[in-house]
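One structure is given below, encoded as structure tokens.
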Amino acid sequence: GNFVAYKNRIISASPMGVVSFPMSGEEIERVETEIAKHGENAGRLLQRAKLRLSLGDTEKGLLDLRNALKISANAAAKEKVRPLLFRALLLSSMAGEKYTSAQLAEAGTLAKSEEEQRFYLLKLGQHERRIGNMSAAIDAFRSYAKKGGEEFMLVDDNHGLRVLSGPWL
């Protein structure tokens, strides 16, 4: 499709139709106005977190996600926030941002599915290797391999390096 910027909106025209999207800055202002008027709730915090993360404001985005998780009214609402917080904690490292061992530990507590646990262990191993803690890195990679069976496992996602998991076990 074609994109046009008009009155703080991005308009996309394609054979399927015309769609209009608000500019991120305008949208975050709208959400912040709603929060000022009606107070924080998990839905508004989640909206603002997504916008902040998309604009590169990781610290504030993570704070909004943490607060949304705390004030979520029920398990279903928490489950909307939890995977986003998990990914945001780990993916901030992939964008070249420095994160702490505490953030990794927090992500580890949020990993529920087998896929999330494997992704966490991979990032933990890469982090430990990056900071020079090789024995902890090997332990994390071994745990990662145990969860993956006899398949190829990704060791370095910057270069796509994959090795058989068997030798790690």
Side-chain angles (χ1 to χ4, degrees), residues 1-99 103-104 106-124 126-127 144 147-149 151-163 165:
N2 297 314
F3 293 100
V4 175
Y6 179 73
K7 291 188 178 182
N8 292 326
R9 311 250 338 145
I10 299 293
I11 301 168
S12 171
S14 73
M16 301 302 288
V18 177
V19 182
S20 173
F21 303 97
M23 299 269 197
S24 296
E26 181 181 294
E27 187 66 10
I28 203 164
E29 285 177 22
R30 184 191 65 74
V31 173
E32 287 180 346
T33 300
E34 280 186 32
I35 289 171
K37 279 185 184 176
H38 306 290
E40 291 183 343
N41 72 16
R44 289 193 268 295
L45 287 174
L46 184 58
Q47 268 186 309
R48 187 171 67 183
K50 288 177 182 179
L51 289 165
R52 285 177 163 174
L53 291 169
S54 73
L55 293 170
D57 193 350
T58 306
E59 298 261 339
K60 288 182 180 177
L62 288 173
L63 180 63
D64 279 346
L65 287 171
R66 287 179 181 118
N67 288 335
L69 189 63
K70 282 180 196 171
I71 66 173
S72 291
N74 56 48
K78 285 183 187 301
E79 194 52 30
K80 278 185 172 180
V81 178
R82 184 203 57 78
L84 293 172
L85 178 55
F86 170 76
R87 289 266 181 212
L89 285 165
L90 293 182
L91 293 178
S92 64
S93 71
M94 293 173 71
E97 295 180 35
K98 183 179 178 184
Y99 60 63
Q103 281 178 298
L104 273 172
E106 181 182 1
T109 66
L110 295 169
K112 300 291 185 212
S113 71
E114 192 75 18
E115 179 185 339
E116 288 174 339
Q117 291 171 12
R118 289 185 65 204
F119 189 52
Y120 162 72
L121 290 167
L122 172 65
K123 290 299 169 192
L124 178 62
Q126 291 171 344
H127 173 73
Y144 174 73
K147 291 203 176 281
E151 62 189 43
F152 279 96
M153 63 181 217
L154 182 67
V155 176
D156 184 352
D157 52 11
N158 291 330
H159 300 98
L161 177 63
R162 295 178 184 273
V163 297
S165 59

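Here, residue 1 is the first one in the sequence, and each next residue gets the next number.
Evaluation of the side chain to side chain contact (heavy atoms under 4.5 Å, CB included) rule for Leu62 yields Thr58, Arg66, Leu85, Ala88, Leu89, Gln103 as partners, not counting sequence neighbours. Evaluation of the side chain to side chain contact (heavy atoms under 4.5 Å, CB included) rule for Leu51 yields Glu27, Ile28, Val31 as partners, not counting sequence neighbours. Taking Gln117 as the reference, Lys147 meet the side-chain hydrogen bond (donor to acceptor under 3.5 Å, both in side chains) condition, with sequence neighbours excluded. Scanning for side chain to side chain contact (heavy atoms under 4.5 Å, CB included) contacts around Val18 gives Ile11, Ala13, with sequence neighbours left out.
The structure places CD of Gln47 at 10.0 Å from CG of Leu45, a figure rounded to the nearest 0.5 Å. One finds the OG1 atom of Thr109 at 8.5 Å from the OH atom of Tyr120 (value rounded to the nearest 0.5 Å). Taken from CG in Leu53 to CG in Leu84, the straight-line distance is 8.5 Å, to the nearest 0.5 Å. To the nearest 0.5 Å, atom CG of residue Leu124 and atom OH of residue Tyr144 are 12.5 Å apart.
Phe119 approaches Leu91 most closely through the heavy-atom pair CZ-CD2, 3.7 Å. Across every non-hydrogen atom of Phe86 and Ala111, the tightest pair is CE1-CB, 3.7 Å. Scanning both residues, Ala42 and Ile71, for their nearest heavy atoms gives N-CD1, 3.8 Å.
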**Q.** Leu104 vs Leu90, side-chain contact (heavy atoms from CB on, under 4.5 Å): CA-CA, chis, key distance, verdict
**A.** CA-CA 7 Å; Leu104 273 172; Leu90 293 182; 3.5 Å; yes
#### Entry: Stepwise salt bridge (charged side-chain N to carboxylate O under 4.0 Å, His left out) check, Arg30 with Glu34
CA-CA 6 Å; Arg30 184 191 65 74; Glu34 280 186 32; 2.2 Å; yes
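Counting only residues at least two apart or on different chains, the side-chain hydrogen bond (donor to acceptor under 3.5 Å, both in side chains) pairs with a member in residues 72-89 are Glu79-Arg82, Arg82-Glu116, Arg87-Glu115. The list of salt bridge (Lys or Arg N to Asp or Glu O under 4.0 Å) pairs with a residue in residues 42-53, not counting sequence neighbours, reads Glu32-Arg52, Glu40-Arg48, Arg48-Asp64, Arg52-Asp64.
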